[in-house]
Protein chains: 2
Amino acid sequence: MIVEPVRDRRAERHQATRTEILEAAWELARAHGLAALTLRDVATKIGTRPPSLYWYFHSKHAIYDAMFADANRQLLERIAKQAWPDDPREAMRLLAHVVVEFSTADVARYQLMFQRTIPDFEPSAESYALALEVLEQGRQRFHAAGLADPADFDLGAAVMAGLSAQQTANEPGGDRWVRLVDDAVDMYLDHVFSKTAGGRRQP
Amino acid sequence: MIVEPVRDRRAERHQATRTEILEAAWELARAHGLAALTLRDVATKIGTRPPSLYWYFHSKHAIYDAMFADANRQLLERIAKQAWPDDPREAMRLLAHVVVEFSTADVARYQLMFQRTIPDFEPSAESYALALEVLEQGRQRFHAAGLADPADFDLGAAVMAGLSAQQTANEPGGDRWVRLVDDAVDMYLDHVFSKTAGGRRQP
DNA sequence: GTCTATATCCAGATAGAC
DNA sequence: GTCTATCTGGATATAGAC
């Protein structure tokens, strides 16, 4: 009779090496640019040869795809672990800080998630579903703050995207735009709440 | 005695071919992605062989650099030819439309100007000066609208950048964020003018 | 000015030994 | 699972004939 093992040590080892490959890829992307990533460099970094990587990923794009999924999972986790305030303004402030700081903390990750830097890369359906989940979580945060209009969401997302884009492109690693987050949220909320009766202004 | 020719036909021809190369490069960048540009494709498109391009540009990066300069000149021209209204709100609306529509009209151009897509590309001092001139023109527009605070400029630029970034990344060619421009400008101006005594709200 | 030929190097990917 | 060897194809760039 065949006994199903509780833990599959081989699968665990396989997964561990996959993770190691991805971590090397992230480091290289951060250091030399997302588009400059090569399998040769990844292999060298983890002490193997390029063909060995194909045991874990069937192509270079599959690595990008796993990185894309990874990045979205990181952001989902970041969102999930916050204690979201009931006050709409506080909650939106927190959301904006989470998003902008996440975006500006790693330019390569930001490019992979939010820009179309790699000419042929399209995320797989599974990875793209994670990106949609990020979007959905964002929408829920807006909704919880009393903002249900899709156009309001688009405008709010654009404000966060704008701060992130300016910071990463013009002063990567700095905080010239990051420190405008609270002011930007006030600007945004004053505007969208003034169209309804909902909001309160901070004293 | 040597007669200085009024027109240098050879130089004109040289310049015309340079322009032809750049136009081919733009078309290819738009079609296949900025990072996917190759000298082979550029040469083929204008009916020559790759080595011939070196008569006009001493490297591939020199082509990117000329494209970068070209893009900034285009935007400067676009800014210069507008009839700028005296009314601050009207002027800022126009500026935002010019910037966002320019950005979203050509994703490759947008990436080259405002994102760090090509890993090793740094514009030359001459080309970068044009980018600074674009920035300076923007600052002057803000100043003319009564906005002299550098942080106000950064926030306003971020709003325009955010709409552009979202539009190019999530719906290239569409207008889901472009059509939020007027609303975004109102949001921004109401905010910055409310901090001083300056502004007027549109009826 | 444009070409052929080539240098040099590198990429991603596969076959098959071990 | 990892390797060597190799395929295939591409890149940028240069030398030198014409």
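Labels below follow one simple rule: chain letters A, B, ... track the order of the sequence lines, proteins then strands, and each chain is numbered from 1. Predicted model, so just to flag it, every value in this text is computed and none were measured.
If you check every strand for non-hydrogen atoms under 4.0 Å, A/Tyr56 touches sugar and phosphate atoms only.
In this structure, B/Ile63 atom CD1 and D/dA13 atom P are separated by 9 Å, rounded to whole Å. One atom, CZ of B/Arg9, and another, P of C/dG1, lie 13 Å apart when rounded to the nearest Å. The CD1-P distance, from B/Ile21 to C/dG1, rounds to 11 Å in whole Å. Note: CZ (A/Phe57) to C1' (D/dG1) measures 15 Å, nearest angstrom. Separating the CZ atom of B/Arg10 from the C1' atom of C/dG1 is a distance of 9 Å, rounded to the nearest angstrom. Here the P atom of nucleotide D/dG1 and the CG atom of A/Leu53 are 14 Å apart, to the nearest Å.
For B/Phe121, the CZ atom counts as densely surrounded, since its 6.0 Å shell holds more than 12 non-hydrogen atoms of other residues, nucleotides or ligands.
Formation of a donor-acceptor pair under 3.5 Å by the B/Tyr188 side chain with backbone atoms of B/Asp152 is found in this model.
Side-chain N/O atoms of B/His14 and B/Asp8 include no donor and acceptor closer than 3.5 Å. No side-chain donor-acceptor contact under 3.5 Å links A/Asp106 and A/Trp26. Side-chain N/O atoms of A/Trp177 and A/Asn170 include no donor and acceptor closer than 3.5 Å.
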_Contact letters for nucleotides 11-18 of chain C, in which S counts primed atoms plus P, OP1 and OP2 and B counts the base, heavy atoms under 4.0 Å_ = SSBB----
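Comparing C/dT4, D/dT2, D/dT4 against the side chain of A/Arg49 picks out D/dT4 as the nearest.
One finds no side-chain N or O of B/Thr48 lying less than 4.0 angstrom from the OP1 or OP2 phosphate oxygen of C/dT2. The phosphate of C/dG1 (OP1 or OP2) has no side-chain N or O of B/Ser52 nearer than 4.0 angstrom.
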_One pair to check against salt bridge (charged side-chain N to carboxylate O under 4.0 Å, His left out): A/Arg89 and A/Asp182. What are the steps and the verdict?_
CA-CA 10 Å; A/Arg89 196 167 296 263; A/Asp182 286 338; over 6 Å; no
